[in-house]
Amino acid sequence: MFKHSVILLLLTVITACANRSTNLTQMNTDIRHYITANDITAVDRVSSFRFHGWNSISDEFLVLTSSPKRKYLIELLGYCSDIRWAHTIKLERSMDSSLHAKFDSIGIPGQPALNCRIEKIYPITSEQEDAIFAIKNPPEEETSNQ
């Protein structure tokens with residue numbers, strides 16, 4: 001009986017992890033689709049970039065803020081584990097006053113092995129940021145009592 005309980009528990013955990021991974025992959029796909037559908041163009045470099053804050057979206061996307069009106073959707077090169085759970089991040093920049101795609105990276109303090117290269121930088125509006133976060137946190141569907 002104990003063996004069956006352990007096997008059932010392991011299967012449940014494996015299924016939950018697989019579903020979470022599928023959901024994360026789908027969210028990344030949905031974000032890329034939003035970028036394409038809304039014709040958001042990537043830039044190679046942001047000059048006069050002053051890091052003010054950030055918000056995690058997924059293992060491949062986050063939003064960096066330079067000022068209340070200057071926000072950037074950052075696409076990382078591939079899977080960047082733990083970035084969405086990090087409490088703080090650090091920017092590794094080739095130039096102090098700029099942010100460069102393909103040269104700069106984002107890491108988590110205390111985890112020197114985790115440096116995620118910035119693949120693309122998309123300037124976005126506050127409205128676009130809200131729409132992207134709606135992909136991450138879709139509104140709950142209302143259930144009808146029939």
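- Looking at heavy atoms from C-beta onward, Phe133 lies in side-chain contact with Ile57 at the 4.5 angstrom threshold.
- You'll find the side chain of Met27 reaches within 4.5 Å of the side chain of Ile135, heavy atoms only.
- Applying side-chain contact (heavy atoms from CB on, under 4.5 Å) to Leu99 and the options Arg93, Arg50, Arg45 leaves one that passes, Arg93.
- In the displayed structure, Asp44 atom CG is contacted under 6.0 Å by at most 12 heavy atoms of other residues, nucleotides or ligands.
- Salt bridge status for Arg117 with Glu119: absent, with no side-chain N to carboxylate O gap under 4.0 Å.
- The cluster map of Ile, Leu, Val, Met, Phe, Trp and Tyr, joined by side-chain heavy atoms under 4.5 Å apart, puts Leu24 and Val63 in the same cluster.
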Begin from the C-alpha positions of Ile124 and Ile40 and carry the test side-chain contact (heavy atoms from CB on, under 4.5 Å) through to its verdict.
CA-CA 8 Å; Ile124 58 172; Ile40 302 173; 4.3 Å; yes

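- Remark: side-chain polar atoms of Asp104 are paired, donor with acceptor, to backbone N or O of Ser94 under 3.5 angstrom.
- Considering only heavy atoms from C-beta on, Phe49 comes within 4.5 Å of Leu91 through its side chain.
- When all heavy atoms of Ser98 and Ser47 are compared, the pair lying nearest together is OG-CA, 3.8 Å.
- Counting heavy-atom neighbours within 6.0 Å of Asp130 CG, excluding the residue itself, gives a total above 12.
- The CD1 atom of Ile132 sits 12.5 Å away from atom CG of Asn137, with the distance rounded to the nearest 0.5 Å.
- Under the 4.5 Å side-chain contact rule for hydrophobic residues, Val43 and Ile106 share a cluster.
- With a 4.5 Å cut-off on side-chain heavy atoms, Ile89 and Phe51 count as touching.
- Considering every non-hydrogen atom in both Ala101 and Lys120, the closest pair reads CB-CA, 4.3 Å.
- In plain terms, the two heavy atoms of Ser56 and Arg84 that are nearest each other are OG-CA, 2.8 Å.
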Start with the C-alpha distance between Cys116 and Ser105, add both sets of side-chain angles, then the distance that settles side-chain contact (heavy atoms from CB on, under 4.5 Å), and finish with yes or no.
CA-CA 5 Å; Cys116 305; Ser105 60; 5.7 Å; no

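- The two residues Tyr72 and Ser66 come nearest to each other via the heavy atoms CE1-CB, 4.0 Å.
- Interatomic distance, His33 NE2 to Asn28 CG, rounded to the nearest 0.5 Å: 14.5 Å.
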Could you please spell out the steps behind the side-chain contact (heavy atoms from CB on, under 4.5 Å) verdict for Lys136 and Ile31?
CA-CA 9 Å; Lys136 177 183 177 183; Ile31 292 169; over 6 Å; no

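- When atom types are taken as modelled, the side chain of His52 and the backbone of Ser67 share no donor-acceptor pair closer than 3.5 angstrom.
- The shortest side-chain heavy-atom distance between Phe61 and Leu76 does not fall under the 4.5 Å cut-off.
- Side-chain contact between Leu73 and Ile35 is present, with heavy atoms from C-beta onward closer than 4.5 Å.
- Between Leu62 and Leu64, the closest side-chain pair of non-hydrogen atoms falls below 4.5 Å.
- Judged by distance alone, the side chains of Arg32 and Tyr34 never bring a donor and an acceptor atom under 3.5 Å apart.
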Could you walk me through whether Lys102 and Leu77 pass the side-chain contact (heavy atoms from CB on, under 4.5 Å) check?
CA-CA 8 Å; Lys102 305 211 187 302; Leu77 179 62; over 6 Å; no

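- The distance from the OG atom of Ser58 to the CG atom of Asp30 is 10.5 Å, given to the nearest 0.5 Å.
- Between His100 and Ile118, the closest side-chain pair of non-hydrogen atoms is not below 4.5 Å.
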